[in-house]
Amino acid sequence: MRIELEDSRFFWVDKATYSNAEKLYYQQRQIKTEKSNVTVSAQVTAPIAVPRSLPAPAPAKKNKKKNKAMAEKDNPNKLLYMNPLTMEANFFLETLTAMSQKSCPPQLDPYLTKLLERIVVGIEKYLDRNPTYVLPREPAASGEGVVFVQPKELQTIKRTFSCTACTNRIVGTTIAKAVAHLSENHPNPNPNNQPLPNQQHQQQQQQPQTKQEKKRAQVKARQEMVVQLPKKAKAMIVGEITTVFKDKYPIADKLKVIPEYNIIEQDLWKLLSPAFPAQQLRIYKFGSRITGIGTRSSDLDVFVDIGNTFHTFEHRASKATISKLRAMRPVFCGSEDWRIINVIEQARVPIIKTCHLPTGIECDICLNSLGFCNTNLLKYLFESQPLTQYMCIYVKNWLERCKLTEQISTYSITLMVIYFLQLQRLLPPITALQQDQSSQQLVGPWIVNFSQKAPSELGLQQLEATVPVVKGYLRAFFLYYSNFNYEQFMVCPYFGRGSIEIQNIEKALPNRYSSYVFENPDCSLQLRKPMVVQDPIQLNHNVTKAVTRNGLQTFVDFCQQTAVLL
């Protein structure tokens, strides 16, 4: 797509080839202009298709002077129509061109490229049939009517790249700057070198002489700066809370059990069982879709038990587990019902990201059973206290709109909701659910089963999840975590009580934790992190270990602003 100047209506005669639609269009425009005896050279015609291999000829110098003179006389109050599709298409092509010049060019989805090619070919065939064009409306009264924006004006609109890892700071207006920033692993949390609040006085003083002093100064400046809530998050908070649940809750509740899951399970078993004929194979579904807080775009997490490994725990995947994962990859690649998206071997829990084409649901396939065990615990807590599910749906949507999901996962924020409600005496501590078990089921050293008692049996109150109740507890939730002392205390759903000090937690944990850490010194709970949220089943896992100090400060700022708005 390209837009041409109206005065260049004869440009097609100088081209080697041209479409019939273009020729007829400009002939009609010429007749219309001669009849009205009015020449409007500053306006631009509607977007038309031009062969991509032919560049547009430059207008003559006389035409440029004439266009400039007519543009000065044009009514400045006219509205401008900026075609957003043209802008986005130009931006995509510029990005693709810039990325293709790198040493490692990007990989495009073949389905996407074929679809784009079909769209372009379809538009060209449609234009060859001489359709009716969208033309600028004739100017009416002063300030009314539209004219199409010239291509040179579109070029003045700069697209900016923002980095979510650096608190959504602007990296630059070109793809080259964005790639350089990522390749250097976020060298500066303030890429634009904009003065932060209370930083002008520091700039006037002498620069820190050592790297440690400079780093301390940056951390202090970041702590004093308050990051404002994104507009989408603020709109959700100040809006009607019923709107969120009206859209999200029915879908999340329905997605817990849908027929498509049975189809995925059957197809997965048929696909993988021939690849491991000598080993028993079982399939377990888990994740946000199964717990009742998922969306249609959520992945379906699947644990594939190959060779009865349900009770085997690996802090890091062993060579045998990686070998099974690699053996599964060619099986998926050779299937017409599955499409490989990515294989992540270096993660704590290696996964295969794939898409089940008959249902259109993306799946994360792993060989670790703890995710399935965590899902059973969350399902029980959501069902015993429905307020928990409503709050988790809200904070999950809030987390996405705040663009914090790269550091704080949905599972992490869910554990924070559970811990908050434990402090309100609405949910039981996990240790209380595991004490009464006559027989313990273990995955490695961790107890994965628990008693599923009603709140009344545990001496807890079950609240009705009305709008005022949910909103009141949400405000208290954000207020609590905006004032939480993350340096001294941790979020611990296992014990479920307040003021659990980080420095004393390992002494309080059961013997199975200390015995495992004694045999595996590198697998202890990571406590030297800005934020510590302990997994209630895998006691040596800090689910927020990836949160940086900047990310934590942004989370605290957002919680404080959200509590005020609520």
Side-chain angles (χ1 to χ4, degrees), residues 249 252-253 256-257 284-294 303 310-311 313 369-396 410-466 469-470 472-474 476-477 480 490-500 505 508-513 533-539 541 543:
Y249 183 83
D253 205 50
K256 290 193 292 187
V257 181
Y284 302 86
K285 303 178 292 293
F286 67 97
S288 60
R289 278 178 170 261
I290 306 303
T291 58
I293 59 174
F303 160 54
F310 186 96
H311 300 283
F313 171 73
S369 62
L370 284 179
F372 172 75
C373 301
N374 291 333
T375 295
N376 288 338
L377 177 61
L378 297 184
K379 284 176 62 179
Y380 159 70
L381 296 176
F382 289 169
E383 292 171 0
S384 63
Q385 190 66 265
L387 172 66
T388 314
Q389 183 180 1
Y390 280 95
M391 290 183 64
C392 288
I393 290 175
Y394 188 91
V395 297
K396 178 178 183 287
T410 300
Y411 181 61
S412 302
I413 201 75
T414 299
L415 293 182
M416 296 176 73
V417 171
I418 291 173
Y419 179 69
F420 168 76
L421 293 178
Q422 287 173 336
L423 301 181
Q424 313 304 315
R425 297 287 301 162
L426 295 176
L427 288 177
I430 307 306
T431 180
L433 299 176
Q434 295 180 340
Q435 285 178 351
D436 299 336
Q437 291 296 98
S438 56
S439 61
Q440 296 179 344
Q441 297 180 8
L442 300 177
V443 173
W446 317 122
I447 301 176
V448 297
N449 62 329
F450 50 90
S451 59
Q452 300 189 23
K453 296 181 179 180
S456 57
E457 299 179 66
L458 298 169
L460 303 176
Q461 179 185 6
Q462 188 179 43
L463 296 179
E464 184 180 359
T466 61
V469 170
V470 175
Y473 276 98
L474 280 172
F477 167 83
Y480 175 76
M490 60 182 288
V491 176
C492 181
Y494 178 72
F495 288 119
R497 63 173 185 267
S499 303
I500 299 180
I505 182 62
L509 291 174
N511 292 332
R512 60 179 180 275
Y513 169 82
V533 178
Q534 186 186 31
D535 190 291
I537 292 181
Q538 185 184 342
L539 300 180
H541 184 207
V543 297

Contact check, side chains of [X] and [Y], non-hydrogen atoms, under 4.5 Å:
| X | Y | result |
| --- | --- | --- |
| Val470 | Leu387 | yes |
| Phe313 | Leu370 | yes |
| His311 | Leu442 | no |
| Met416 | Val533 | yes |
| Leu458 | Leu433 | yes |
| Ile418 | Leu378 | yes |
| Asn449 | Ile447 | yes |

Between [atom1] on residue [X] and [atom2] on residue [Y], distance to nearest 0.5 Å:
| X | Y | atom1 | atom2 | answer |
| --- | --- | --- | --- | --- |
| Thr291 | Leu377 | OG1 | CG | 11.0 Å |
| Ile293 | Thr410 | CD1 | OG1 | 6.0 Å |
| Gln534 | Leu509 | CD | CG | 5.5 Å |
| Lys285 | Thr375 | NZ | OG1 | 11.5 Å |
| Thr388 | Leu421 | OG1 | CG | 5.0 Å |

Q: Output all residues satisfying side-chain hydrogen bond (donor to acceptor under 3.5 Å, both in side chains) with Tyr513, sequence neighbours left out; order by chain, then residue number.
A: Glu506
Q) Should the pair Tyr284 and Phe372 be assigned to parallel (<30°), tilted (30 to 60°) or perpendicular (>60°) ring geometry? A) tilted
Q. Relative to the ring of Tyr380, is the ring of Phe450 parallel (under 30°), tilted (30 to 60°) or perpendicular (over 60°)?
A. tilted
Show me the donor-acceptor pairs, under 3.5 Å and distance only, between side chains in residues 389-396 and residues at least two apart or in other chains.
unit_1 : atom_1 : unit_2 : atom_2 : d
Gln389 : NE2    : Gly292 : O      : 2.9
Lys396 : NZ     : Glu400 : OE2    : 3.1

Q. Taking only residues two or more places apart in sequence or in another chain, which ones pass ring pair (Phe, Tyr, Trp, His ring centres under 6.0 Å) with Tyr419?
A. none
Closest non-hydrogen atom pair, [X] against [Y]:
| X | Y | value |
| --- | --- | --- |
| Pro493 | Leu415 | CG-O, 3.9 Å |
| Trp446 | Ile537 | CB-O, 3.5 Å |
| Gln422 | Pro428 | NE2-O, 3.0 Å |
| Cys373 | Val443 | SG-CG2, 4.4 Å |

Q. side-chain contact (heavy atoms from CB on, under 4.5 Å) with Val257: which residues, sequence neighbours excluded?
A. none
Q: Please name all residues satisfying salt bridge (Lys or Arg N to Asp or Glu O under 4.0 Å) with Lys379, sequence neighbours left out, ordered by chain then number.
A: none
Q | Pairs touching residues 491-500 that satisfy side chain to side chain donor-acceptor pair (under 3.5 Å), sequence neighbours left out | A | Tyr494-Arg512
Q.
Strictly distance-based, threshold 3.5 Å: is any side-chain N or O of Gln462 a donor or acceptor partner for the main-chain N or O of Ser384?
A. yes
